[in-house]
Visitor: 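My questions will all concern the structure given below.
What you are looking at is a predicted structure, and each value in this text was computed from that prediction instead of being measured. Letters go in sequence order (proteins before strands), and every chain restarts at 1.
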2 protein chains.
Amino acid sequence: MRNRSVTYSSEATFQALSDPTRRAVLDLLCRGAQPAGKIAASFPVSRPAISRHLRQLRKARLVVEHRSGRHRLYQLNPAPLKAVDSWLQHYRRFWEINLTNLKNFVESEYARESDLKK
Amino acid sequence: MRNRSVTYSSEATFQALSDPTRRAVLDLLCRGAQPAGKIAASFPVSRPAISRHLRQLRKARLVVEHRSGRHRLYQLNPAPLKAVDSWLQHYRRFWEINLTNLKNFVESEYARESDLKK
DNA sequence: AAAATATGTAACCGTATAGTTACGAATAAA
DNA sequence: TTTATTCGTAACTATACGGTTACATATTTT
């Protein structure tokens, strides 16, 4: 078998993750592969809506589809999340050092909700 | 000074991160705080467009604004990224184990570009 | 006080997105 | 071979989003 290497666009990944329903689908698939209908039944939106979310997750390769008869099992593919992880890696060094510096500011009166809503 | 604890909505964070320009702004601010105008000058879009991106980043608390005269310095606040990190943490255990399982499938003929574009 | 500078906001436009209902295609069951 | 079942797609609607230009506001400089 060809061992083709696959690259994942973090652009597509971030875009797919921007929707809370899609993130919830991924969270659900952590517990194991599920057919499309069962996934849809877990959410308050219609089945076609979930079907389209699954299509976007497929495009981002965050899930893979296994067809079996009239069922289509969706399985989590965590690989593209590595792109997000490596983007995040860039920021980890700031967490501890900047948290100390910004702690006073961010938690101060200057960071009130009222200032952020505008 | 009051030591108020601040919680970050991963919803707002993911939403803010969904745009490539906003992610690029954060990347830029890794090199240090910058005034709005200088940030805008780094991008091919108009200054008002960047101004609105900055507003969204402010809402998500991914940046903090320090006013100084007629300048407004924007500084990275990496704290909300911890919410993304902890969401990601949930998936890290799947990386190694599932990569082995899915490697053959994802890299096989079944994962052609043509199947994903539809 | 007037002019220049730095920046946010308003109004508008085009496109993307998420949702719905109706329908079509494929497979399994009767 | 009908009939169910499972699932995706088409068409449509409403809203969100990113971009632009024009304008308002605040502060510094002259």
Visitor: Could you tell me how far apart A:Leu54 (CG) and C:dG19 (C1') are, to the nearest whole angstrom?
Guide: 15 Å
Visitor: Given atom CG of A:Leu17 and atom C1' of C:dA18, what is their separation to the nearest angstrom?
Guide: 17 Å
Visitor: Taking atom OH of A:Tyr74 and atom NZ of A:Lys38, what is their separation to the nearest 0.5 Å?
Guide: 16.0 Å
Visitor: Once rounded to the nearest 0.5 Å, what's the spacing between atom CD of B:Gln34 and atom CZ of B:Arg31?
Guide: 8.0 Å
Visitor: Can you give one letter per nucleotide of nucleotides 15-24 of chain D, going 5' to 3': B for a protein heavy atom under 4.0 Å from the base, S for sugar-phosphate only, - for none?
Guide: --SBBBBB--
Visitor: Kindly indicate, with the supporting measurements, whether the criterion side chain to side chain contact (heavy atoms under 4.5 Å, CB included) is fulfilled by B:Leu17 and B:Leu81.
Guide: CA-CA 10 Å; B:Leu17 294 180; B:Leu81 294 177; 3.9 Å; yes
Visitor: Starting from P on C:dG8, measure out to CD on B:Glu65 and report it in whole angstrom.
Guide: 6 Å
Visitor: Once you round it to whole Å, what is the distance between P of C:dA6 and CZ of B:Arg55?
Guide: 21 Å
Visitor: B:His66 NE2 to C:dA6 C1': how many Å, rounded?
Guide: 17 Å
Visitor: Please encode protein proximity along nucleotides 25-30 of chain D as a string of B, S and -, counting only heavy-atom distances under 4.0 Å.
Guide: --BB--
Visitor: Is a salt bridge present between B:Arg22 and B:Asp27, judged by a nitrogen-to-oxygen distance below 4.0 Å?
Guide: no
Visitor: Which part of the nucleic acid, if any, lies within contact of B:Tyr74, taking any heavy atom under 4.0 Å across all strands shown: a base, the sugar-phosphate backbone alone, or nothing?
Guide: sugar-phosphate
Visitor: Any sub-3.5 Å donor-acceptor pair from B:Asn77's side-chain atoms to B:Arg61's backbone N or O?
Guide: yes
Visitor: Stepwise, does the salt bridge (Lys or Arg N to Asp or Glu O under 4.0 Å) test hold for B:Arg23 with A:Glu11?
Guide: CA-CA 10 Å; B:Arg23 289 197 304 277; A:Glu11 176 57 35; 2.7 Å; yes
Visitor: Once you round it to whole Å, what is the distance between P of D:dT6 and CG of A:Leu73?
Guide: 13 Å
Visitor: Find the distance between CH2 (B:Trp87) and CD (B:Gln89) and round it off to the nearest 0.5 Å.
Guide: 12.0 Å
Visitor: Testing the basics here: between B:Ile50 and B:Ala40, what is the closest heavy-atom pair and its distance to 0.1 Å?
Guide: CG1-CA, 3.8 Å
